[in-house]
Amino acid sequence: MTKKVLILAGDAVEVLEIYYPYFRCLEEGYDVQIAAPSKKKLQTVVHDFIGWDTYTESKGYLIESHVAFENVKPEEYDGLIIPGGRAPEYIRLNENVPRIVAHFFETNKPVGAICHASLVLSTVRQYLEGREMTAYIACKPDVEAAGATYIENHLHVEGNLVSGHAWPDLPGFMKEFIKLLNH
């Protein structure tokens with residue numbers, strides 16, 4: 001039976017952090033659905049590191065979402081990926097997001113969270129307390145406020161949670177996520 005993967009996103013999702021996992025999962029033969037606040041074309045952004053004290057942002061490609069958060073039935077999916085960018089800071093406010101994310105922790109299904117995705121995970125802090133994870137360094141206070149231990153490594157796996165620092169870590173991030181999903 002084909003594995004089914006859900007990607008939670010919204011406008012201003014980091015382009016590499018949605019396209020790379022989306023195409024990599026398709027390459028594996030998985031059924032991949034992108035969920036967003038509403039079913040529409042999402043505007044991605046390019047975050048880059050050019051020597052500033054923080055990252056820069058440019059407009060990226062468009063990508064079609066397949067389902068609105070309110071219509072997501074998480075029990076239909078085998079794994080969850082949450083890309084970063086600026087989308088996590090506002091999609092976490094959607095009343096359906098905690099319900100969706102909690103399902104994957106309650107059922108011990110693989111969760112991949114990269115970069116700013118930790119902002120979404122903060123909505124289900126009861127599943128983060130006492131755990132270890134990494135995220136973009138600017139999210140360290142949020143990870144710790146959610147009760148998790150921030151790991152300095154750019155890639156970390158603990159139980160069903162694969163966490164990555166930023167888009168340069170996507171090859172290892174996806175390798176570990178796929179390993180959990182196929183287990």
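Heads up: numbering here begins at 1 and tracks the sequence.
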Quiz item: If you measure from CD1 on Ile91 to CD1 on Ile82, what distance do you get to the nearest 0.5 Å?
Solution: 7.0 Å
Quiz item: Of all heavy-atom pairs between Tyr150 and Ile137, which one has the smallest distance, and what is that distance?
Solution: OH-CA, 3.5 Å
Exercise. Grab the two heavy atoms, one from Lys39 and one from Ala68, that are nearest each other, plus how far apart they are.
Key: N-CB, 4.1 Å
Quiz item: Between His156 and Glu132, does any side-chain donor sit less than 3.5 Å from a side-chain acceptor?
Solution: yes
Practice problem: Would you tell me whether Tyr127 and Glu106 have side-chain atoms, one donor and one acceptor, within less than 3.5 Å of each other? | Solution: yes
Exercise. Give the intermediate values and the outcome of side chain to side chain contact (heavy atoms under 4.5 Å, CB included) for residues Leu80 and Val101.
Key: CA-CA 8 Å; Leu80 173 67; Val101 176; 4.2 Å; yes
Quiz prompt | Shared hydrophobic cluster for Leu62 and Val45 (ILVMFWY, side-chain gaps under 4.5 Å) | solution = no
Quiz item: Just by distance, do the side chain of Thr44 and the backbone of Tyr61 share a donor-acceptor pair under 3.5 Å?
Solution: yes
Exercise. Would you confirm whether the ring centroid of Tyr55 sits within less than 6.0 angstrom of the ring centroid of His116?
Key: yes
Quiz item: How long is the gap from CD on Glu89 to CG on Asp142, to the nearest 0.5 Å?
Solution: 10.5 Å
Quiz item: Is there a donor-acceptor contact under 3.5 Å from the side chain of Asp169 to the main chain of Leu155?
Solution: no
Quiz item: Step by step, would you call Gln33 with Val5 a side chain to side chain contact (heavy atoms under 4.5 Å, CB included)?
Solution: CA-CA 6 Å; Gln33 300 285 301; Val5 175; over 6 Å; no
Quiz item: Are Ile63 and Leu170 connected, step by step, through hydrophobic side chains (Ile, Leu, Val, Met, Phe, Trp, Tyr) whose heavy atoms are closer than 4.5 Å?
Solution: yes
Quiz item: Do you know the tightest heavy-atom contact between Val46 and Gly60?
Solution: CG2-CA, 4.0 Å
Practice problem: Give the minimum heavy-atom separation between Ala117 and Pro83, together with the two atoms involved. | Solution: CB-O, 4.1 Å
Quiz item: Given the rule in the side chain to side chain contact (heavy atoms under 4.5 Å, CB included) test, do His103 and Lys73 qualify, once you have shown the distances and angles that lead to the verdict?
Solution: CA-CA 10 Å; His103 168 81; Lys73 295 180 178 81; over 6 Å; no
Practice problem: Look at the side chain of His165 and the backbone N and O of Tyr136, then say whether any donor-acceptor pair between them is shorter than 3.5 Å. | Solution: no
Self-check item: Test item: Trp167 side-chain N/O and His47 main-chain N/O as donor-acceptor pair under 3.5 Å
Solution: yes
Practice problem: Rounded to the nearest 0.5 Å, what's the gap from CD1 on Ile18 to CD1 on Ile114? Could you check? | Solution: 12.5 Å
Quiz item: If two hydrophobic side chains count as joined below 4.5 Å and joins carry through other members, does Phe69 share a cluster with Leu119?
Solution: no
Self-check item: Identified side chain to side chain contact (heavy atoms under 4.5 Å, CB included) partner of Val162 from the options Val111, Ile81, Leu180
Solution: Leu180
Quiz item: Is it true that atom CD of Glu75 has more than 12 heavy atoms of other residues, nucleotides or ligands lying nearer than 6.0 Å?
Solution: yes
Quiz item: Roughly how far, to the nearest 0.5 Å, is the CG atom of Leu181 from the SG atom of Cys25?
Solution: 7.0 Å
Practice problem: Taking the side chain as every heavy atom from C-beta outward, state whether Glu64 and Ile34 have any atom pair closer than 4.5 Å. | Solution: no
Quiz item: Can you name the nearest heavy-atom pair linking Tyr90 to Asp11, along with the distance?
Solution: OH-N, 2.5 Å
Quiz item: Looking at Glu70 and Arg99, does any basic side-chain N land under 4.0 Å from a carboxylate oxygen?
Solution: no
Self-check item: Spacing of Glu27 atom CD and Ile178 atom CD1 [to the nearest 0.5 Å]
Solution: 8.0 Å
Quiz item: Going by the angle between their ring planes, with limits at 30° and 60°, are Phe177 and Phe173 parallel, tilted or perpendicular?
Solution: parallel
Quiz item: Salt bridge or not for Glu57 and Arg86, using N-O below 4.0 Å?
Solution: yes
Quiz item: Which value, rounded to the nearest 0.5 Å, describes the distance between Met174 atom CE and Tyr22 atom OH?
Solution: 12.5 Å
Quiz item: Is Tyr77 close to Thr107 at the side-chain level, that is, under 4.5 Å between some pair of heavy atoms?
Solution: no
Quiz item: Looking at side-chain heavy atoms only, is the closest gap between Glu14 and Leu16 below 4.5 Å?
Solution: yes
Quiz prompt | Asn94 (side chain) donor-acceptor with Asn96 (main chain) under 3.5 angstrom | solution = yes
Quiz item: What's the verdict on side chain to side chain contact (heavy atoms under 4.5 Å, CB included) for Leu161 and Leu121, showing C-alpha distance, side-chain angles and the deciding distance?
Solution: CA-CA 11 Å; Leu161 178 59; Leu121 295 184; 4.1 Å; yes
Exercise. For residues Pro110 and Phe104, determine if any side-chain heavy atom of one lies less than 4.5 Å from a side-chain heavy atom of the other.
Key: no
Quiz item: Would a distance-only check, ignoring hydrogens and angles, find a side-chain to backbone donor-acceptor pair under 3.5 Å from Ser65 to Ser38?
Solution: yes
Self-check item: Any donor-acceptor N/O pair, Glu17 side chain to Gly84 backbone, under 3.5 Å
Solution: yes
Quiz item: Under 3.5 Å, is there a donor-acceptor pair between the side chain of Arg125 and the main chain of Ala145?
Solution: yes
Quiz item: With a distance cut-off below 6.0 Å to the six-membered ring centre and an angular limit of 45° from the axis, does Lys3 pair with Tyr30 as a cation-pi contact?
Solution: no
Quiz item: Is it true that a side-chain atom of Thr134 and a backbone atom of His154 form a donor plus acceptor pair closer than 3.5 Å?
Solution: no
Practice problem: Can you see which heavy atom on Ser122 is nearest to which on Arg92, and at what distance? | Solution: OG-NH1, 3.6 Å
